[in-house]
Amino acid sequence: MTDQRPITDDSAAEMAKTYRPADIEPRVQARWLAADVFAPDGVGSRADQAKQPFVIIQPPPNVTGALHLGHAARGTVEDLMVRRARMQCRPTLWLPGVDHASIAAQFVLDGVLAAEGESRHSLGRERYLERMWRFMEETRSVIRDQQRRLGLSADWSRERFTMDEESAQAVRTSFKQLHDDGLAYRGEKLINWCPGCRTSLSDLEVIATPESGTLWSVRYHLVAREDATTVADDEPGPPETITVATTRPETILGDTAVAVHPDDERYRSLVGRRVRIPFVDRIVPIVADEMVDRAFGTGAVKITPGHDQADFETAQRHDLSVLDVMDDDGSINALGGPFAGLSGTDARQRMVAQLEASGDLVATTPHEMVIGRCQRSDDIVEPRIKVQWFLDMKPMAARAMAAVRSGRTRIVPKRYEKVFFDWLENIRDWNVSRQLWWGHRIPAWYCPDHHVTVSDKPAGPDSCGTCQRPAGELRQDEDIFDTWYSSGLWPFSTLGWPEATEDMRRYYPGTVMETGYDILFFWVARMMMLGEWLTARKPFETVLLSGLLRDPYGKKMSKTRGNVIDPLGVIDELGADALRFALVHGSAPGSDQRLGRSQLEGARNFGNKLWNAARFVLGSRPEGVPDGPLDLPVGGYLGPAEHWILARCARTVEEVEQAYTTFAFGEAARLLHDAIWNDYCDWYLEFAKVRLAAEDPPRQAATWAVLTWVLDRYLRLLHPIMPHLTEEIWGRLPSFPHEGELLIVAAWPDAAREKALADQAQARGVDGLIELVSGIRNARAEARIDPAAWLPAALHITDVDTASAYHRSAAAVERLARIRPRLVTDQVDLEVGEGALTVLIRGGEARLARGGSDPTLERERLSKELAEAERMLAETEARLANESFVKRAPGPIVQAARDRLIELEARVERLRARLSA
RNA sequence: GGGCGAUUGGCUCAGUCGGUUAGAGCGCACGGUUCACAUCCGUGAGGUCACUGGUUCGAAUCCAGUAUCGCCCACCA
């Protein structure tokens, strides 16, 4: 597939004088789509099908969502890995998709409906779901288009939705399997109830929130007549009481016991007696249980098993009845007697007032407590007793942990393994029932005799699995699954599971699963548990956890704070590449990053820099360089600077490769930024200009070949991070043999091959020249000499490599340092006039004409340098004088110190000589 | 209550296996209309590497402790 890209002088002319990402990016994206390079077997892909496929797994964004900065960050990192793998000729699969996000989507749609004067309830389940599907059609493309605008190279032809039929089948099959395995069960347990969302929630969706509350001490009256069964049977106003403490007086209505500690002397005699629950006609026992903390409150606890987890467990131990005194909306139900119909808060107020009036409120103390709130609606979550579906996670957790312990699945960064294990070791059963409408209906059917039949068939079971009653008499569970259940199946449900598809065979397990650490439990752990259990394989090799994005002050970005950065606004203004670069540049696995205007502008400036460098290179093609693919000339036509940049470039290839391999993408971005800006633009381009200007066609051609070759390497390395800009420039570059037409499928550079191109000794010489030029610039600036003035100078270069490099690049050095030098062989000849400037480098010395500057400035500068050199000399001497250093430090370190000592001695001596002159 | 992370110039962050003089960007100061780029170029100032102790010939780096900040987990009513 040798490329015939023409290199015309128009290439540069065509390039807009200013870098306009908004013009370039959509054009480049269209080019990729046309070439069909995103699919693993895409027409334009050069994937080697014999290679191990690279499969990325991304959290599918919510279908109703808009691209936010977190999405952009995730997507950029995922895209970067896929692009690199593609350039390494691996077949790559990035299967994009959206999540139906049941509760979040209902939240959004309910808002839309409210604006239309409708509601979930006014529509009813069927019409609501129809409306939801229409809403999906409207919103679904939004996030996809936004992801594409970011330049994500996912295989869009495979886009999936967690509510599509394939996912539905995976949900049914998986649930049936878990039920058959005894891990899915229906039970009556305490669940988390959000009265606002009117559904149960998993423990993860309940946010513990600190709150200043009140601890009320309430007196309960003991029953006087042992045979009393109702309050009416008892004597009025019996004298004995027991005082309990509660933060939620309204739950008194659900009390079915009072508990004390078995060893508590204060209450020992009361155990086994009975008390009257205020407000309701109920008599309950006093029980002894070790769960009671004698030191807290009064040491006596009211037991409300229907609304408290600990109480529920106590109730089970003592065989107490469990009462739910709450309605779905959080109000008190009929069991609450006089308070039925009131909201929890209202009931509480009235009850406290009445208790106070009756004298049974003994104390009111402020109390700091933690209360559970709904992650979505912020409502106070109430524990309630319900019959719902649960998953016994312990056996699955054991497998997920084993996968990480054995190294089959790796978590990056490693420190999150501990967090992962802690959670899995203490995992509790997962309540998967949701009383919502938008989502996968639980595939469980009940017959009139309450037999449960779980079916994986789309139409449900033919008959009751226990009593064979016909399907017509069965009723399906009204509830749907927690959204995260279908998300947990994502790595394999998207590949055709439960069928043994070709995709499953080739692309499962995935290679890297990338996401933010905030959904480690919600999603990652569950994918691993479900994947290990259902497919008997790990779902992916590596878990790459990224950090969260924060504003420049380290605050979480939120709409209410108004500190959000809209990625689409950034893309429009500065470009997707700038956004991507900024996101990658500041990132490190597992660490949060701050992003603000300055980072984004810096990234845009970098793009601009690269654009202009390319414009220069393309515009400077020497006459006579033929059209068509170039060869990199070797041998005599390359100058020292060419060897230097080739050596630097090879090192960059190696370092960037290392960074990409270790997921240190921020480091890769920094390396490329510095290499392109400093090595290439600041130094090599300047050297090259001089060489291009010389009337020496073979050398001009060689220089230009190196300019394009090195630029080509940088573009390849940078492509995963800034794909559009690099693609655009690369398309205008002359090609080298054996290359494709699009950078996105061009070959990834090989460090060893690059290294072989450069002569290290010549490269070292240029390091000396750079030191010389920098030194001269410094001296001139400090002496306040006109930067444009050409100064007579004398050079005495002792280092062999530097001298050789100078001989071959004198014109460039002169131009960069703005000097008119003569080369001398002896320090005595270094005089260029009264009060000359002195520049000392490791491998030589330069003297510059003073150019009318103030001699005291020069003396100050040299004095400063001398002081610094003396300080370092003293340090080095001290170190070498230390016997144990010389004895114990490794040889090369000691030798380095000795070399340094010699160098510093010489430097000090010369500086002293110049100062005393 | 348990756990994790961070602490490096004014700001944001690099800093590998402990080893010469701790780097970069932004900001700041000075100087620049050199034909790729003012979204730029050149030069410079600015750092007790949070603190205390330890290990070591040698510590920003390893160990222990302290402080401050941030985060996660957690059924004391």
Engineer: Does A:Glu875 reach a base, just sugar-phosphate, or nothing at all? Heavy atoms under 4.0 Å.
Structural biologist: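 Since only primed, P, OP1 and OP2 atoms lie under 4.0 Å of A:Glu875, the category is sugar-phosphate.
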Engineer: Would you mind reading off the distance between A:Asn426 atom CG and B:C72 atom P, rounded to a whole angstrom?
Structural biologist: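 Result: 18 Å.
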Engineer: Closest to the A:Arg900 side chain: B:A45, B:U21, B:C13?
Structural biologist: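 Ranking B:A45, B:U21, B:C13 by closest atom to the A:Arg900 side chain puts B:U21 first.
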Engineer: If you look at every strand shown and take non-hydrogen atoms under 4.0 Å, does A:Glu686 touch a base, only sugar-phosphate, or nothing?
Structural biologist: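 Base contact.
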Engineer: Could you give the distance separating B:C62 and B:C69 at their C1' atoms, to the nearest angstrom?
Structural biologist: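 These two C1' atoms come out 24 Å apart once rounded.
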Engineer: For nucleotides B:A60 and B:G18, find the distance between their P atoms and express it as a whole number of Å.
Structural biologist: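 Those two atoms are separated by 13 Å.
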Engineer: Write down the distance separating the P atoms in B:G5 and B:G65, rounded off to the nearest Å.
Structural biologist: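 Roughly 13 Å separates the two P atoms.
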Engineer: How long is the line joining CG of A:Asp255 and C1' of B:A77, in whole Å?
Structural biologist: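 About 11 Å, once rounded to whole Å.
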Engineer: What is the nucleic acid contact for A:Ala896, judged by heavy atoms within less than 4.0 Å: base, sugar-phosphate only, or nothing?
Structural biologist: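 It contacts nothing in the nucleic acid.
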Engineer: Identify, between A:Ala897 and A:Asp682, the residue whose nearest nucleotide on RNA chain B lies closer to the 5' end.
Structural biologist: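 Taking each residue's closest nucleotide, the earlier one in sequence belongs to A:Ala897.
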Engineer: Can you tell me, in whole Å, how much space there is between the P of B:A50 and that of B:C13?
Structural biologist: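 Approximately 15 Å lies between the P atom of B:A50 and that of B:C13.
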Engineer: Starting from P on B:G25, measure out to CZ on A:Phe581 and report it in whole angstrom.
Structural biologist: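 The answer, rounded to whole Å, is 12 Å.
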Engineer: Which nucleotide wins on minimum distance to the side chain of A:Thr247, given the candidates B:A77, B:A36, B:U21?
Structural biologist: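 Side chain of A:Thr247 sits closest to B:A77.
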Engineer: Using the side-chain heavy atoms of A:Met369, tell me which of these nucleotides is nearest: B:G42, B:G31, B:A77.
Structural biologist: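 Within the option list, the nearest is B:A77.
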Engineer: Can a side-chain donor-acceptor contact be found between A:Lys689 and A:Ser620 if the only test is distance below 3.5 angstrom?
Structural biologist: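 Checked: A:Ser620/A:Lys689 side chains show no N/O donor-acceptor pair below 3.5 Å.
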Engineer: Checking contacts here: which listed nucleotide (B:C71, B:A36, B:G44) is nearest the side-chain heavy atoms of A:Arg550?
Structural biologist: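 Nearest listed nucleotide: B:C71.
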Engineer: If you compare every side-chain N and O of A:Arg888 against the phosphate oxygens of B:G58 (OP1, OP2), does one of them come in below 4.0 Å?
Structural biologist: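 False: A:Arg888 side-chain N/O out of range (4.0 Å or more) of B:G58 OP1/OP2.
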Engineer: Taking atom types as modelled, find out whether A:Gln895 and A:Asp899 have a side-chain donor-acceptor pair closer than 3.5 angstrom.
Structural biologist: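 The answer is yes; a qualifying pair exists.
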Engineer: Side chain of A:Asn605 only, heavy atoms from C-beta on: which candidate in B:A36, B:U20, B:C40 is closest?
Structural biologist: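 Nucleotide nearest to A:Asn605's side chain: B:C40.
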Engineer: Return the value, rounded to whole Å, for the distance between atom NZ of A:Lys302 and atom P of B:C76.
Structural biologist: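 Value for this atom pair: 16 Å.
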Engineer: For the residue pair A:Asn431 / A:Asn192, report whether a side-chain donor-acceptor contact shorter than 3.5 Å exists.
Structural biologist: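 There is no such pair (donor and acceptor under 3.5 Å, judged by atom type) between the side chains of A:Asn192 and A:Asn431.
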Engineer: With no hydrogens and no angle check, do the side chains of A:Thr661 and A:Gln658 hold a donor and an acceptor under 3.5 Å apart?
Structural biologist: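 The answer is no; no qualifying pair exists.
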Engineer: Of the listed nucleotides (B:U43, B:G19, B:C13), which one gets closest to any side-chain atom of A:Ile893?
Structural biologist: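 So the side chain of A:Ile893 is nearest to B:G19.
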Engineer: Remember a base hit wins even if backbone is also touched, and classify A:Pro383 as base, sugar-phosphate or nothing at under 4.0 Å, heavy atoms.
Structural biologist: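 No contact.
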Engineer: For B:U39, does OP1 or OP2 lie under 4.0 Å from any side-chain N or O of A:Trp677?
Structural biologist: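 Checking A:Trp677 against B:U39: no side-chain N or O falls below 4.0 Å of OP1 or OP2.
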Engineer: Which nucleotide, B:A36, B:G19, B:C30, lies nearest any side-chain atom of A:Arg784?
Structural biologist: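 For A:Arg784, the side-chain atoms sit closest to B:C30.
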Engineer: Can you name the residues that form a side chain to side chain contact (heavy atoms under 4.5 Å, CB included) with A:Ala288, not counting sequence neighbours?
Structural biologist: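 For A:Ala288 the side chain to side chain contact (heavy atoms under 4.5 Å, CB included) partners, ignoring immediate neighbours, are A:Pro262, A:Val271.
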Engineer: Name the residue closer to the 5' end of RNA chain B, choosing between A:Asn882 and A:Thr298 according to the nucleotide with the nearest heavy atom.
Structural biologist: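 Result: A:Asn882.
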Engineer: From the list B:A14, B:A36, B:U39, which nucleotide is the closest neighbour of the side chain of A:Arg604?
Structural biologist: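 In terms of side-chain proximity for A:Arg604, the closest of B:A14, B:A36, B:U39 is B:U39.
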Engineer: Assess the side chains of A:Asn608 and A:Asn612: does a donor N or O sit below 3.5 Å from an acceptor N or O?
Structural biologist: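 Side-chain D/A pair, A:Asn608 to A:Asn612: present.
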Engineer: Could you check whether A:Asp592 and A:Tyr517, counting side-chain N and O atoms only, form a donor-acceptor pair closer than 3.5 Å?
Structural biologist: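 Result is yes, a qualifying pair exists.
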Engineer: B:U20 P sits how many Å from A:Phe885 CZ, rounded?
Structural biologist: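 Value for this atom pair: 10 Å.
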Engineer: Within the pair A:Lys609 and B:C41, is there a side-chain N or O less than 4.0 Å away from OP1 or OP2?
Structural biologist: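 Looking at the OP1 and OP2 atoms of B:C41, one of them is under 4.0 Å from a side-chain N or O of A:Lys609.
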Engineer: Tell me yes or no: between the side chains of A:Asp289 and A:His261, is some donor less than 3.5 Å from an acceptor?
Structural biologist: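 No donor-acceptor contact under 3.5 Å links the two side chains.
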Engineer: For A:Gln599, which contact category applies under a 4.0 Å heavy-atom criterion: base, sugar-phosphate, or nothing?
Structural biologist: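 Touches sugar-phosphate only.
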Engineer: Specify the separation, in whole Å, of atom CG of A:Leu424 and atom C1' of B:C73.
Structural biologist: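 Roughly 13 Å, once rounded to whole Å.
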Engineer: State whether a side-chain donor-acceptor pair under 3.5 Å links A:Gln593 with A:Ser587.
Structural biologist: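 Side chains of A:Gln593 and A:Ser587: no pair found under 3.5 Å.
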Engineer: With C1' as the reference atom in both, quote the distance from B:U68 to B:A38 in angstrom, rounded to an integer.
Structural biologist: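 To the nearest whole Å, 42 Å.
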Engineer: Please determine if a side-chain N or O atom of A:His673 lies less than 4.0 Å away from the OP1 or OP2 oxygen of B:A14.
Structural biologist: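 No, A:His673 has no side-chain N/O under 4.0 Å of OP1/OP2 on B:A14.
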Engineer: For the side chain of A:Arg818, starting at C-beta, report the closest nucleotide among B:U34, B:U21, B:G44.
Structural biologist: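 Of all the options, the side chain of A:Arg818 is nearest to B:U34.
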Engineer: For B:G44 and A:Asn778 - does any side-chain N or O of the residue sit under 4.0 Å from the phosphate oxygens OP1/OP2?
Structural biologist: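 Result: yes.
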Engineer: Does A:Asn612 place a side-chain N or O at less than 4.0 Å from the phosphate oxygens OP1/OP2 of B:U39?
Structural biologist: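 Indeed not, no polar side-chain atom of A:Asn612 lies that close.
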Engineer: OP1 or OP2 of B:C37 versus the side-chain N and O atoms of A:Lys17: is any pair under 4.0 Å?
Structural biologist: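 So the side chain of A:Lys17 is within the cut-off, an N or O lying under 4.0 Å from OP1 or OP2 of B:C37.
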Engineer: Does B:C13 have OP1 or OP2 under 4.0 Å away from a side-chain N or O of A:Arg594?
Structural biologist: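 Looking at the OP1 and OP2 atoms of B:C13, one of them is under 4.0 Å from a side-chain N or O of A:Arg594.
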Engineer: Using the P atom on both, measure B:C11 against B:C51 and round to a whole Å.
Structural biologist: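 Between the two P atoms, the distance is 15 Å.
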Engineer: What's the gap between B:C76 and B:A59 when it is taken at their C1' atoms, as a whole Å value?
Structural biologist: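 About 46 Å, rounded to a whole number of Å.
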Engineer: Roughly, in whole Å, what's the span from CZ in A:Arg879 to C1' in B:G58?
Structural biologist: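 Rounded to whole Å, this separation is 8 Å.
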Engineer: Applying a 4.0 Å non-hydrogen cut-off, can you work out what A:Gln593 is touching in the nucleic acid: base, sugar-phosphate, or nothing?
Structural biologist: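 Counting heavy atoms under 4.0 Å across all strands, no contact is made by A:Gln593.
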Engineer: Give a yes/no answer on whether the side chain of A:Arg777 brings an N or O atom under 4.0 Å of OP1 or OP2 in B:G44.
Structural biologist: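 Answer no for this pair, as no side-chain N or O of A:Arg777 is under 4.0 Å from OP1 or OP2.
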Engineer: Which whole-number value in Å describes the distance from A:Leu685 CG to B:C35 P?
Structural biologist: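 Taking CG of A:Leu685 and P of B:C35, I get 14 Å after rounding.
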Engineer: Given B:C4, is OP1 or OP2 found less than 4.0 Å from the side-chain N or O atoms of A:Arg415?
Structural biologist: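 A:Arg415 to B:C4 OP1/OP2: no side-chain N or O under 4.0 Å.
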Engineer: For the P atoms, the ones on B:U8 and on B:U61, what distance do you get once it is rounded to whole angstrom?
Structural biologist: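 One P to the other, the span is 14 Å.
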Engineer: Which is true for A:Phe521 with a 4.0 Å heavy-atom rule: it touches a base, it touches only sugar-phosphate, or it touches nothing?
Structural biologist: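 A:Phe521: backbone/sugar contact only, no base atoms under 4.0 Å.
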Engineer: So which nucleotide from B:C57, B:C75, B:A36 ends up closest to the side chain of A:Lys689?
Structural biologist: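 Of B:C57, B:C75, B:A36, B:A36 is nearest to the side chain of A:Lys689.
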